[in-house]
S.K.: 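Pasting in a structure now, in C-alpha cells, and then I'll have a few things to ask.
All values derive from a computational prediction rather than experimental measurement. Lettering of chains follows the sequences in order, A, B, ..., and the numbering in each one begins at 1.
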Protein chains: 2
Amino acid sequence: MADVTPPVAEPRESDPRAGLSIAEAARRTGVSVHTLRYYERAGLVITGVDRTAGGWRRYHQADLKWITVCTKLRATGMPIRDIRRYAQLVSAGPGNEKERLALMEAHRADVVSKLAELQDCLGLIERKVDIYRERLSAGQADHLWTPERLSAAG
Amino acid sequence: MADVTPPVAEPRESDPRAGLSIAEAARRTGVSVHTLRYYERAGLVITGVDRTAGGWRRYHQADLKWITVCTKLRATGMPIRDIRRYAQLVSAGPGNEKERLALMEAHRADVVSKLAELQDCLGLIERKVDIYRERLSAGQADHLWTPERLSAAG
DNA sequence: CTAAAACCTCGCGCGCGCTTCAGGTCAAGC
DNA sequence: GCTTGACCTGAAGCGCGCGCGAGGTTTTAG
C-alpha cells in the first residue's frame, strides 16, 4: 500500500493534499469532465478550484462537496441559471439567508410536486405491468385474450 | 343547463358525440395544441383522431384517454421515441405483450430509481431550508452567525 | 530527454421537446 | 354572404444542457 504503482484504472493522485485531477473529480462527482468545466464557466463552482502552475485544475474536498450540492440540485430539475443564482448568494456570504430560504423553499415545493406526479404516474405503469403479466400467463395457458383495441387503453 | 350559451371561457363544443376541438382537448389533457399536433406527427397518437370534412381534428374520449397515457409516460421522463415504440406495440394489437411488459418494466425501474434519487436530494434541500430558517430566527434575535464560507457547504 | 497521455480554452454542434411563423383554409355568428 | 376566429400544414427556430473537436500546453513515465 505504500509506493506501489496504482493500477491503470485508478491513476496517480498520489498526494491527497495536492488535490485531485479533473478526471478523478469527475469520477467522484458522477459527471463528465466536460460538465465540470461547463459548470465552472456557468458560474456554479464558487469554491474557486485550485490550479497548478501550468493551469491544470486541482480539486479539493470542499470543491467536490459543493459540486455535489450542485449536481443534486440539477438532479431535482433546478435549471442552471437558478443554481447559479443560489451559488451567487452563498458566495456573497451571510446576510442573504432570506433569499436563499425563499429559493430553496420554492424548489422544495417543486420537488415535492414532482414526486407526487411521479408516484401517480408510477401507478399507471404498474397497472400496465400487471395487465401484461396477467395476459401473458393467461395467454400461455389458453391463448385467449379479449381484443384490446376496442378499449383504447393499451 | 340546457341550451344556454356557455361562457366565453368555455367555448361551444355543443354536441358531445361530435367530439372536441383541439383547443378543448388541449385543455383537458393539459398540453398545448402545438404539443397535441406534435404528438400526432411523432406517431404517438394511435387512436386515429377524427377529422371534420374540412380537416379539423375532433377528439373523442378514447383519444383523450390514450393521450393522457402518453403524457404520463412523458411526465415520468420516457423519451418520445420510446413512447412511439410502445404506441406501435399497442397499435399492433395483442400478441406482443412480452415486449410491452419488458418496456414497461424497464421504465418502471427507471421511475423507481428516479423517485429514490429525488427523495435523496429532497433531503438535502430540506436540510438547507432548516439551516436557513434557524439562521434567520437566530439572526433576528442577535445577529450572530458563524462565518459559513469556511465550511463550503452553503 | 522524449513520448505519450492528460489537460487547457474556445467555440461550434447536437439531441430533445416543443414553439413559432407563414400562408393559407374552415366554421360559425350575424 | 361576410367577418372573425379557430384551425390546418410544413418548416424553421429556440432554449437547455451538455458533448465534441481543434489546436495547443503541461505532466508524467521511462
Side-chain angles (χ1 to χ4, degrees), chain A residues 3-15 18-27 29-45 49-59 63 67 70-85 87, chain B residues 3-15 18-27 29-45 49-59 63 67 70-85 87:
Chain A
D3 263 324
V4 187
T5 309
V8 182
E10 175 115 355
R12 192 45 48 98
E13 311 298 352
S14 46
D15 187 354
L20 303 171
S21 72
I22 192 172
E24 184 58 22
R27 244 187 28 77
T29 55
V31 299
S32 72
V33 297
H34 306 290
T35 300
L36 280 181
R37 287 194 276 251
Y38 167 64
Y39 282 2
E40 203 174 315
R41 258 182 304 160
L44 306 192
V45 187
V49 177
D50 257 15
R51 299 280 183 139
T52 66
W56 289 27
R57 292 175 180 82
R58 308 282 1 182
Y59 290 84
D63 302 315
I67 290 167
C70 293
T71 60
K72 291 203 170 192
L73 292 177
R74 273 297 302 134
T76 48
M78 183 181 280
I80 295 288
R81 105 183 61 88
D82 292 6
I83 305 179
R84 172 167 48 229
R85 176 74 191 133
Chain B
D3 264 323
V4 187
T5 309
V8 182
E10 177 116 355
R12 194 43 49 96
E13 312 299 353
S14 44
D15 187 355
L20 304 170
S21 71
I22 192 171
E24 185 57 23
R27 244 188 29 75
T29 55
V31 300
S32 72
V33 297
H34 307 292
T35 300
L36 280 181
R37 287 194 277 249
Y38 167 65
Y39 282 1
E40 203 174 315
R41 255 182 306 158
L44 307 193
V45 186
V49 176
D50 258 14
R51 300 281 183 138
T52 66
W56 289 28
R57 293 173 180 83
R58 307 284 356 180
Y59 290 84
D63 302 316
I67 290 166
C70 292
T71 60
K72 290 205 171 190
L73 292 176
R74 274 297 303 134
T76 47
M78 184 182 279
I80 294 289
R81 105 183 60 88
D82 293 7
I83 305 179
R84 172 168 46 229
R85 176 74 190 131

S.K.: Report the distance from atom CG of B:Leu20 to atom P of D:dC7, rounded to the nearest whole Å.
M.R.: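 My rounded result for the distance is 11 Å.
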S.K.: Sequence neighbours left out, what passes side-chain hydrogen bond (donor to acceptor under 3.5 Å, both in side chains) with A:Thr71? Give chain and number order.
M.R.: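 Once residues adjacent in sequence are excluded, A:Thr71 has no partner under the side-chain hydrogen bond (donor to acceptor under 3.5 Å, both in side chains) criterion.
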S.K.: Tell me which residues in residues 30-40 of chain A put a heavy atom below 4.0 Å from DNA chain D, sorted by number, or none.
M.R.: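 Per residue number, the list reads A:Ser32, A:His34, A:Thr35, A:Tyr38, A:Tyr39.
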S.K.: Nearest whole Å is fine: how far is D:dT28 P from A:Glu24 CD?
M.R.: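 So the CD-P distance, A:Glu24 to D:dT28, works out to 14 Å.
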S.K.: Would you tabulate the pairs of protein nitrogen or oxygen atoms and nucleotide nitrogen or oxygen atoms of nucleotides 11-14 of chain C closer than 3.5 angstrom?
M.R.:
none

S.K.: Using whole Å, report how far OH of A:Tyr59 lies from C1' of C:dC7.
M.R.: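 Those two atoms, OH and C1', are 11 Å apart.
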S.K.: Within this structure, what is the CD1-to-C1' distance between A:Ile22 and C:dC8, rounded to whole angstrom?
M.R.: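 Whole-Å distance recorded here is 9 Å.
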S.K.: Can you check the B:Leu73 CG to C:dG17 C1' distance for me, whole Å?
M.R.: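 To the nearest whole Å, that distance equals 15 Å.
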S.K.: Find out whether A:Ile22 and A:Trp56 are in side-chain contact, i.e. whether some heavy atom of one side chain is under 4.5 Å from a heavy atom of the other.
M.R.: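 Side chain of A:Ile22 against side chain of A:Trp56, heavy atoms only: no contact under 4.5 Å found.
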S.K.: Check each residue of residues 77-84 of chain A for a non-hydrogen atom within less than 4.0 Å of any atom in DNA chain D, then write out the ones that pass by number, or none.
M.R.: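 Only A:Pro79, A:Ile80, A:Arg81 qualify.
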S.K.: If the condition is salt bridge (Lys or Arg N to Asp or Glu O under 4.0 Å), which residues does B:Arg57 pass it with, not counting sequence neighbours?
M.R.: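 Applying salt bridge (Lys or Arg N to Asp or Glu O under 4.0 Å) to B:Arg57 gives B:Glu40.
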S.K.: Take atom CZ of B:Arg51 and atom P of D:dC8, then tell me their distance rounded to the nearest Å.
M.R.: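 Whole-Å distance recorded here is 6 Å.
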S.K.: Which residues satisfy the side-chain hydrogen bond (donor to acceptor under 3.5 Å, both in side chains) test with B:Thr52, sequence neighbours excluded?
M.R.: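 Listed in chain order: nothing, the list is empty.
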S.K.: Considering only side-chain heavy atoms of A:Ser21, which listed nucleotide, C:dC7, D:dG5, D:dT27, is closest?
M.R.: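 The closest nucleotide is C:dC7.
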S.K.: Can you name the nearest heavy-atom pair linking B:Glu24 to B:Leu20, along with the distance?
M.R.: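 The answer is CG-CD2, 4.0 Å.
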S.K.: Please enumerate all residues that pass side-chain hydrogen bond (donor to acceptor under 3.5 Å, both in side chains) together with A:Asp82, with sequence neighbours excluded.
M.R.: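 Scan of A:Asp82 (side-chain hydrogen bond (donor to acceptor under 3.5 Å, both in side chains), adjacent residues dropped) gives none.
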S.K.: Not counting sequence neighbours, which residues clear side-chain contact (heavy atoms from CB on, under 4.5 Å) with B:Thr29? List them please.
M.R.: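 Expected list: B:Val31, B:Leu36, B:Leu64, B:Ile67, B:Thr68.
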S.K.: Report the residues that fulfil side-chain contact (heavy atoms from CB on, under 4.5 Å) with A:Arg84, sequence neighbours left out, ordered by chain and then residue number.
M.R.: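 Partners of A:Arg84 by the side-chain contact (heavy atoms from CB on, under 4.5 Å) criterion, ordered by chain and then number, come out as A:Ala42, A:Leu44, A:Arg81, A:Gln88.
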S.K.: Would you name the heavy atoms of B:Tyr59 and B:Ser21 that are closest together and state the gap between them?
M.R.: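 Between these two residues, the closest heavy atoms are CD1-O, 4.0 Å.
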S.K.: Between CG of A:Leu73 and CE of A:Met78, what distance do you get to the nearest 0.5 Å?
M.R.: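 Here the interatomic distance stands at 5.0 Å.
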S.K.: Kindly write out the residues that satisfy salt bridge (Lys or Arg N to Asp or Glu O under 4.0 Å) with A:Arg85, not counting sequence neighbours, or none if the list is empty.
M.R.: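 In terms of salt bridge (Lys or Arg N to Asp or Glu O under 4.0 Å), with neighbours along the sequence ignored, A:Arg85 is linked to A:Glu99.
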S.K.: Specify the separation, in whole Å, of atom CH2 of B:Trp56 and atom P of D:dC7.
M.R.: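 Spelled out: CH2 on B:Trp56 to P on D:dC7 is 6 Å.
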S.K.: For B:Ala53 and B:Arg74, take the nucleotide of DNA chain C holding the closest heavy atom to each; which residue's nucleotide lies nearer the 5' end?
M.R.: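 By nearest-heavy-atom nucleotide position, the 5'-most residue is B:Arg74.
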S.K.: Taking atom P of C:dC7 as reference, at what distance in whole Å does atom CZ of A:Arg57 sit?
M.R.: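 So the CZ-P distance, A:Arg57 to C:dC7, works out to 10 Å.
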